[in-house]
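What follows is one structure encoded as structure tokens, with my remarks underneath.
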Protein chains: 2
Amino acid sequence: MNLETSLSTEEAILAAARKVFESKGFDGARMQEISDRAGINRALLHYYFRTKEKMFERIFDEALERFMPLLSTWDQDLEESWELKLKRFIIKFITFLKTNSMLFLLREIIRKPELLASKTEKHRKKLNKFVLYFDRLKQERLIRSDVDSRYIYVIIHSLCSFPLMNGIVFSYSLRISPKEYDELMTGYPEIISDLLIQLLKYQKN
Amino acid sequence: MNLETSLSTEEAILAAARKVFESKGFDGARMQEISDRAGINRALLHYYFRTKEKMFERIFDEALERFMPLLSTWDQDLEESWELKLKRFIIKFITFLKTNSMLFLLREIIRKPELLASKTEKHRKKLNKFVLYFDRLKQERLIRSDVDSRYIYVIIHSLCSFPLMNGIVFSYSLRISPKEYDELMTGYPEIISDLLIQLLKYQKN
DNA sequence: TAGTATTTTAACAATTCTGTTAAAAGTAAA
DNA sequence: TTTACTTTTAACAGAATTGTTAAAATACTA
């Protein structure tokens with residue numbers, strides 16, 4: 001067995017599969033297109049991954065694994081200010097989103113909601129750290145307390161995710177090229193960080 | 001020809017198609033499932049709509065036509081305050097989103113970006129009304145002028161769209177049932193209206 | 001009610017796609 | 001160089017899916 005070559009073939013397949021699944025979704029993806037992109041015979045896909053489904057799961061799992069570490073931002077050390085934590089999260093999140101993995105995950109979860117429960121089983125505990133952290137901030141009077149932390153959760157994630165997922169549509173609506181939209185978006189993390197901080201700061205009425 | 005009956009069959013098919021296309025997407029949709037849902041023979045789909053593609057286009061067009069009127073919110077009459085306009089828009093937008101049409105449109109545009117240009121041709125002019133309107137508000141010193149109107153556009157649309165598109169994931173992350181999430185979301189339009197108004201109000205520094 | 005047009009169905013044709021298999025090509029080691 | 005093992009390919013089988021067609025059922029009109 002030539003381990004080196006074998007690995008690189010597998011890697012080539014995975015890279016191609018990622019691209020195709022991300023842009024076409026599971027249903028729209030074609031094994032033929034994946035093998036073409038990887039520059040190999042279609043039968044090799046089955047040699048390495050057995051079925052389309054198994055290959056898909058591998059891609060899905062990997063996308064999820066890349067995402068999950070972001071959540072540890074909300075581990076409760078209060079050394080770092082919440083403003084910094086927030087900025088850090090937004091930048092990391094948006095960087096992740098630029099890989100297109102997020103729209104992929106979302107689309108496939110909607111196609112097959114069982115994926116959510118089965119695949120995030122082991123990360124279950126991580127999921128509600130955000131809310132715990134923000135509730136704590138409220139207790140400590142560090143942020144305003146009149147907005148449900150769950151809304152804050154939804155707002156922050158929406159502000160990060162959607163502008164990237166929806167880039168094609170936004171650039172079209174704003175009548176600028178996708179390239180110009182990307183350029184515009186370089187300033188975006190900074191802007192929403194500032195706006196969110198402004199909004200969340202504790203305010204004595 | 002029995003016009004009445006014919007229409008209702010066509011309507012039944014369209015309703016079924018809408019449902020299936022919206023939940024499965026073009027690639028995942030099956031003609032069989034659509035005809036089953038409509039309670040008719042599969043060949044009838046072709047009798048009425050010729051091909052899957054044509055049927056899809058009909059559904060797509062109709063979703064777009066339902067959406068486009070929302071944009072006239074930003075026609076420039078300055079009678080109504082911008083705060084009220086904004087609230088009105090958010091409520092109408094979120095109502096529309098609850099029909100699932102938006103995720104459908106977005107997903108299919110990503111699958112086939114040409115749809116965007118070809119299908120919105122005739123609405124082209126409407127698309128940049130938002131930015132014009134907000135630029136005007138800035139000139140008149142009615143809102144803060146230090147945030148690019150295009151960011152405001154992106155922010156508002158993201159805050160409206162994503163919480164509904166991503167409902168399944170959010171409810172899972174927040175560890176509440178989809179039903180509870182829906183209930184939580186009844187308060188959402190109010191919240192973001194208020195937050196956005198707070199944020200955008202003109203502030204002398 | 002008879003005749004005509006429309007709507008609906010069952011059966012079939014054609015294509016597309018996934019997955020299998022047996023053989024060829026390539027690699028490594030004795 | 002021969003042998004054994006791994007990787008790759010071409011050809012094929014089977015299933016699923018879209019689209020067609022001819023005939024049956026239904027509705028409409030004179």
Side-chain angles (χ1 to χ4, degrees), chain A residues 1-62 104 107-108 110-112 114-115, chain B residues 1-62 104 107-108 110-112 114-115:
Chain A
M1 177 179 61
N2 184 338
L3 194 79
E4 204 122 310
T5 305
S6 168
L7 259 187
S8 80
T9 305
E10 193 173 321
E11 278 304 315
I13 292 174
L14 283 174
R18 209 171 296 132
K19 195 105 184 196
V20 174
F21 278 132
E22 279 175 4
S23 72
K24 307 282 177 76
F26 179 81
D27 292 318
R30 294 290 165 258
M31 297 296 267
Q32 188 64 60
E33 187 178 349
I34 295 172
S35 59
D36 286 352
R37 209 176 252 277
I40 48 124
N41 185 284
R42 197 167 55 78
L44 258 195
L45 301 181
H46 296 98
Y47 177 75
Y48 280 97
F49 298 98
R50 196 116 190 107
T51 68
K52 183 182 178 186
E53 206 99 28
K54 288 203 189 344
M55 202 161 80
F56 168 80
E57 290 208 356
R58 173 76 174 269
I59 302 293
F60 188 92
D61 288 345
E62 287 185 6
F104 165 70
R107 186 212 279 137
E108 300 305 327
I110 284 162
R111 177 180 65 88
K112 201 178 171 195
E114 308 89 85
L115 284 171
Chain B
M1 178 177 61
N2 184 337
L3 195 77
E4 205 122 309
T5 305
S6 166
L7 259 188
S8 80
T9 305
E10 194 173 318
E11 277 306 314
I13 293 175
L14 283 174
R18 208 172 298 133
K19 195 105 184 196
V20 174
F21 279 132
E22 279 174 5
S23 73
K24 307 282 177 77
F26 179 81
D27 293 317
R30 293 290 165 258
M31 298 296 267
Q32 187 63 58
E33 187 178 350
I34 294 172
S35 62
D36 285 352
R37 209 176 251 277
I40 49 124
N41 186 284
R42 196 167 55 77
L44 257 196
L45 302 181
H46 296 98
Y47 178 75
Y48 280 97
F49 298 98
R50 196 111 194 111
T51 67
K52 183 182 179 185
E53 207 99 28
K54 287 201 190 346
M55 201 160 82
F56 168 80
E57 290 208 355
R58 173 76 175 269
I59 302 293
F60 188 92
D61 289 344
E62 286 185 8
F104 165 69
R107 187 212 279 137
E108 299 306 327
I110 283 162
R111 177 181 66 88
K112 202 180 169 192
E114 309 88 87
L115 284 171

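Just so it is clear, the values below take in all heavy atoms, side chains as well, and ignore hydrogens, waters and symmetry mates. A quick note: this is a predicted structure, and the numbers were derived from the prediction, not measured. Lettering follows sequence order; numbering is per chain, from 1.
- At a threshold of 4.0 angstrom between heavy atoms, the contacts of B:R30 are confined to the sugar-phosphate backbone, with no base atom among them.
- Rounded to an integer number of Å, the gap from B:Y47 OH to D:dA22 P is 16 Å.
- With rounding to whole Å, B:D27 atom CG is found 13 Å from C:dC17 atom C1'.
- The CD atom of A:E53 sits 18 Å away from the P atom of D:dA15 (whole-angstrom rounding).
- Between the C1' atom of C:dT6 and the CD atom of B:E10 lies a distance of 14 Å, rounded to the nearest Å.
- Here D:dC12 presents its P atom at 21 Å from CE of A:M31, a figure rounded to the nearest Å.
- Whole-Å rounding puts the A:I40 CD1 to C:dG26 C1' distance at 16 Å.
- When distances are taken from the side chain of A:R42 to each of C:dG19, D:dT18, C:dT9, the shortest belongs to C:dG19.
- Remark: B:T9 is in phosphate contact with C:dT8, judged by side-chain N or O atoms under 4.0 Å from OP1 or OP2.
- No donor-acceptor distance shorter than 3.5 angstrom exists from the side chain of A:E10 to the backbone of A:Y48, with no hydrogens or angles considered.
- When atom types are taken as modelled, the side chain of B:K52 and the backbone of B:L45 share no donor-acceptor pair closer than 3.5 angstrom.
- Relative to the ring axis of A:F56, A:R111 places its NZ or CZ within 45° and under 6.0 Å from the centre.
- OP1 or OP2 of C:dT8 has at least one side-chain nitrogen or oxygen of B:Y48 nearer than 4.0 Å.
- Atom C1' of nucleotide D:dT21 and atom CG of B:N41 are separated by 12 Å, given to the nearest angstrom.
- Among C:dT9, D:dG19, C:dT20, the nucleotide with an atom closest to any side-chain atom of A:R50 is C:dT20.
- One interatomic measurement links the two molecules: CG of A:L44 to P of C:dA24, which rounds to 17 Å at whole-angstrom precision.
- Put simply, the side chain of B:R30 does not reach to within 4.5 Å of the side chain of B:K24, judged on heavy atoms.
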